*Asks:* 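I have a structure here, written as structure tokens, and I will follow up with some questions on it.
Order of the sequence lines fixes the chain letters, A, B, ..., with proteins taken first and strands second; residue numbering starts at 1 for each chain. Computed from a predicted model, the values in this text were never measured in an experiment.
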There are 2 protein chains.
Amino acid sequence: MQSQGQVRSANLAAALACLRDGGPRSRARLAADTGLTKATVSSLVAELVERGLVAEGAVHRPGSVGRPGTLVELDGRGVCGIGVEVNVDYLAVLALDLGGAVRWESRLALDVPGLRPVEVLARASAMVAEARAGGAAGAVGITVAVPGGVQGSVVRTAPNLPGWVGTDVAAGLADLGLPVTVGNDADLSALAEVSAGPHAGVPDLVYLTGEVGVGGGVVTGGQLLRGSTGLGGEVGHLALTPGDAPCGCGRRGCWETVVGLGALLRAAADPDDPLRDPGRDLEDRLADLLARARDGDARTLEALTGIGTGLGVGAAVLVALFDPAVVVLGGYFAVVGEFLLDPLRTALAQRVDAADRVALSTLGFTAAVRGGAHVALQPVFTDPTTVPLEASA
Amino acid sequence: MQSQGQVRSANLAAALACLRDGGPRSRARLAADTGLTKATVSSLVAELVERGLVAEGAVHRPGSVGRPGTLVELDGRGVCGIGVEVNVDYLAVLALDLGGAVRWESRLALDVPGLRPVEVLARASAMVAEARAGGAAGAVGITVAVPGGVQGSVVRTAPNLPGWVGTDVAAGLADLGLPVTVGNDADLSALAEVSAGPHAGVPDLVYLTGEVGVGGGVVTGGQLLRGSTGLGGEVGHLALTPGDAPCGCGRRGCWETVVGLGALLRAAADPDDPLRDPGRDLEDRLADLLARARDGDARTLEALTGIGTGLGVGAAVLVALFDPAVVVLGGYFAVVGEFLLDPLRTALAQRVDAADRVALSTLGFTAAVRGGAHVALQPVFTDPTTVPLEASA
DNA sequence: AGACAATAGTGCAGGGACCGAACGAATGGG
DNA sequence: CCCATTCGTTCGGTCCCTGCACTATTGTCT
């Protein structure tokens, strides 16, 4: 705490957070809720209006005697955060405004196989430029989700994106002139789950995403678990059943060899089955598998039950260690979740007391970009003075 | 941030933390290190001196040209925090002053078997009173370590202290007139490890303590992992090898049935061996076992190797999930650590990359009380204005 | 209809805290 | 002996919050 300038920032942030979390209210209510005086709140609100972050709304319906207050509400229009997801076969962009509304969403399939990182980032940059020209005016930052480990803005490990190791993602998007941060996709998805949807505000949550492998993101005490080398919460290579199937990491029995999408497809179909045609799009094959399961195909159901049980075994460890309020299943787990939850809960109940703390993600495949956009917005909530005063009188 | 009063508190805290972490220095250095101006630092130091938290030391030897500065240093004498440990067969008290020096240490064996919590707490209260009359003047708070789960100041679960469930520990020490907080013993031990000793300042650390069961405390990002119901970091009942030995929790295959002290004694000795005589003190039996191991007794060594391997299997999971800079072994693990580390590292290396991140605790059985005393001191560092101005001068 | 109570929002003086600059103090070097 | 250098303090200025007074607006009671 250097000087009173930071007091101002902190109080602006407190007022803004209050409006974000509790919705519109009068200046008097805001004063009561923040513990500041009405005079101070008036001054804070005036500054936030000048910065285009809040706006006066309707007059509050009286309800009881006394002069009615003028509602003050978050005005997200002037400011938005942009999330970008780089994945094996697609790019995605999503922009959130300050109020949490989606202002832009786009997706681009990467059907050219041998594309280099620089070229992919150039396309991502173009997508962001398009977003800013479209609905995402007033961008304050970009956060990029990558399926791998990240240090600073450099990709350090990326089992499914081997060519990206060593790439400085921020440098590739520097031409946009916005601050760029980079994060693991599962971590950002976990943040998305605690920032929106049914689990908004939950301070202790574990997110599991089923892809080819298994990704994990852990939020404890409202903070993302990072660990000493940034690999905290990485669940894919947990050694739960030593001596089992070989894993891409060189070891055996990693959890993702049990519950990854590859394991599901192997268990559900013979090698010559179209489900296991590596030339087909994974989402299509997953849709086929879901259709079979809904038709009641015995082998498919059995495979899914196996995945659910395997998930339960691992989730038991996660629940015991992290004690989360909920374990959220995303990625392909959410797609076929209806067939996973029962065996998962059964396996969980045999190992821990809290077997009902499992839920399916409702954010679908946009979780990572949404989390990225959310992260990009954080500086505004931390210090609203980062947004310049509007020139408008 | 309400007003500038809190700015003052924050800056006092910053100055104090700077002196604690970086040692004595002149006001000018302190100004440079905190980013505040010399004028402000002079004022802050004057107030900290008035509160008895810092003192002027020797004149700094010049070194180079210019007026030499007066060293300012932490003065711990006026203030101390008290840690109390309630365990199955003993009570322990330890007082730390602000500088981290031990000002009092005492231990009391509880040889009366059927003692009720109220009676135990009365003895603890007397021990604290004795400490305050002895070396621990200026106590600012008490933190009690209990071997179990805690909510607020009430014991919620205590497998080894069944009579204590529901006990309000703070109420039992209320007569001392000091703020009392209560925590899990392994959690407090973990905090002790990051506050003193070779791992001081490490922000990501896992602490494992071998007792009858196994306790765990996890620090991530400098914060204790608590979880949604306060059970985060509880490692004893991890389900690592389902279908194994029955555990006191009613399930099977819990980790503590593999690596707890009971498992070691069962593996190392026949039922009629004095090692397994339940009437003998556990520490004595442990000393005997250690002597046998040092004599090279094959069965003992084999049992210890088994424990080490079992520890490695579980530690692999912890390392993968929490990505700590180090896993510290305390309790009985530290006592027989010389025989555990090799098999532990071998098992770990088969499962994760970072197999060298294991160390033995050097704090011995005082870890929990030390952590408690440290926690009791925290409010002073968070807000130095909680310490009253001294009447002197 | 009019008076009164209750609530919302603003204006103004006051005080606390930090900053920047200037100044005295203490030391080593030339 | 003078000067550059560094330390610590003093003093005026600025910023921001507070508390109180004051106006504005509405409902209720007589």
*Asks:* Using side-chain heavy atoms (C-beta onward) and a distance below 4.5 Å, is B/L71 in contact with B/V59?
*Replies:* no
*Asks:* Under 4.0 Å between a side-chain N/O of B/R27 and OP1 or OP2 of D/dT6, yes or no?
*Replies:* no
*Asks:* Using whole Å, report how far CG of A/L44 lies from P of C/dA8.
*Replies:* 17 Å
*Asks:* Can you list everything that forms a side-chain contact (heavy atoms from CB on, under 4.5 Å) with B/D383? Sequence neighbours excluded, please.
*Replies:* B/S9, B/T385, B/T386
*Asks:* Is the distance from OP1 or OP2 of D/dG8 to the nearest side-chain N or O of B/S26 less than 4.0 Å?
*Replies:* yes
*Asks:* Apply side-chain contact (heavy atoms from CB on, under 4.5 Å) to the pair A/L178 and A/V140, showing each step before the final yes or no.
*Replies:* CA-CA 7 Å; A/L178 287 174; A/V140 295; 5.9 Å; no
*Asks:* Does any part of the side chain of A/L16, heavy atoms only, come nearer than 4.5 Å to the side chain of A/L74, both counted from C-beta?
*Replies:* yes
*Asks:* Is the shortest side-chain heavy-atom distance between A/L363 and A/E193 below 4.5 Å?
*Replies:* yes
*Asks:* Can you check whether A/T70 has a side-chain N or O nearer than 4.0 Å to OP1 or OP2 of C/dG9?
*Replies:* yes
*Asks:* Sequence neighbours left out, what pairs pass side-chain hydrogen bond (donor to acceptor under 3.5 Å, both in side chains) with at least one residue falling in residues 35-47 of chain A?
*Replies:* A/R8-A/S43, A/R8-A/E47, A/T37-A/T40, A/E47-A/R51
*Asks:* Output the residues of residues 16-24 of chain A in contact with DNA chain C, where contact means a heavy atom of the residue under 4.0 Å from an atom of the strand; sort by number or write none.
*Replies:* none
*Asks:* Atom CZ of B/R29 to atom C1' of D/dT5: distance rounded to whole Å?
*Replies:* 17 Å
*Asks:* For the pair made of CG in A/N11 and C1' in D/dC17, what is the distance, rounded to whole Å?
*Replies:* 8 Å
*Asks:* Rounded to the nearest angstrom, tell me the gap between atom CD in B/E47 and atom P in C/dG16.
*Replies:* 13 Å
*Asks:* Would you call B/R77 and B/D97 a salt bridge, taking side-chain N to carboxylate O under 4.0 Å as the test?
*Replies:* no
*Asks:* Taking atom types as modelled, is there a side-chain donor on B/D168 or B/S153 under 3.5 Å from an acceptor on the other?
*Replies:* yes
*Asks:* Would you sort out whether A/D323 and B/T229 count as a side chain to side chain donor-acceptor pair (under 3.5 Å), showing the intermediate values?
*Replies:* CA-CA 7 Å; A/D323 185 25; B/T229 63; 2.7 Å; yes
*Asks:* Give each protein N/O atom lying under 3.5 Å from an N/O atom of nucleotides 28-30 of chain D, with the pair distance.
*Replies:*
none

*Asks:* Is the count of non-hydrogen atoms from other residues, nucleotides or ligands lying under 6.0 Å from A/R20 atom CZ greater than 12?
*Replies:* yes
*Asks:* Please determine if a side-chain N or O atom of A/T37 lies less than 4.0 Å away from the OP1 or OP2 oxygen of D/dG19.
*Replies:* no
*Asks:* For a quick check, with a 4.0 angstrom heavy-atom cut-off, what is the B/S/- contact string for nucleotides 20-25 of chain D, read 5' to 3'?
*Replies:* ----BB
*Asks:* Nearest whole Å is fine: how far is D/dC7 P from B/R25 CZ?
*Replies:* 13 Å
*Asks:* Measure across A/V219 and A/L191 and return the closest heavy-atom pair with its distance rounded to 0.1 Å.
*Replies:* CG2-CD2, 4.3 Å
*Asks:* Would you please confirm or rule out a distance under 4.0 Å between OP1 or OP2 of D/dG8 and any side-chain N or O of B/S42?
*Replies:* no
*Asks:* How long is the line joining CG of B/L71 and C1' of D/dT6, in whole Å?
*Replies:* 14 Å
*Asks:* Inspect the contact between B/R370 and B/E105 and indicate whether a charged nitrogen and a carboxylate oxygen are less than 4.0 angstrom apart.
*Replies:* no
*Asks:* Whole Å only: how far is the CZ atom of A/R8 from the P atom of C/dG16?
*Replies:* 21 Å
*Asks:* Check whether A/R103 reaches the backbone of A/A101 with its side chain - one donor and one acceptor, N or O, closer than 3.5 Å.
*Replies:* no
*Asks:* Flag yes if more than 12 heavy atoms outside B/R226 fall under 6.0 Å of its CZ atom; otherwise flag no.
*Replies:* no
*Asks:* If I take atom CD in residue B/Q6 and atom C1' in nucleotide D/dT18, what distance separates them, rounded to the nearest angstrom?
*Replies:* 13 Å
*Asks:* Find the bend of the helix from C/dA1-D/dT30 to C/dG30-D/dC1 as the angle between its two terminal axes (five pairs each), to the nearest 10°.
*Replies:* 10°
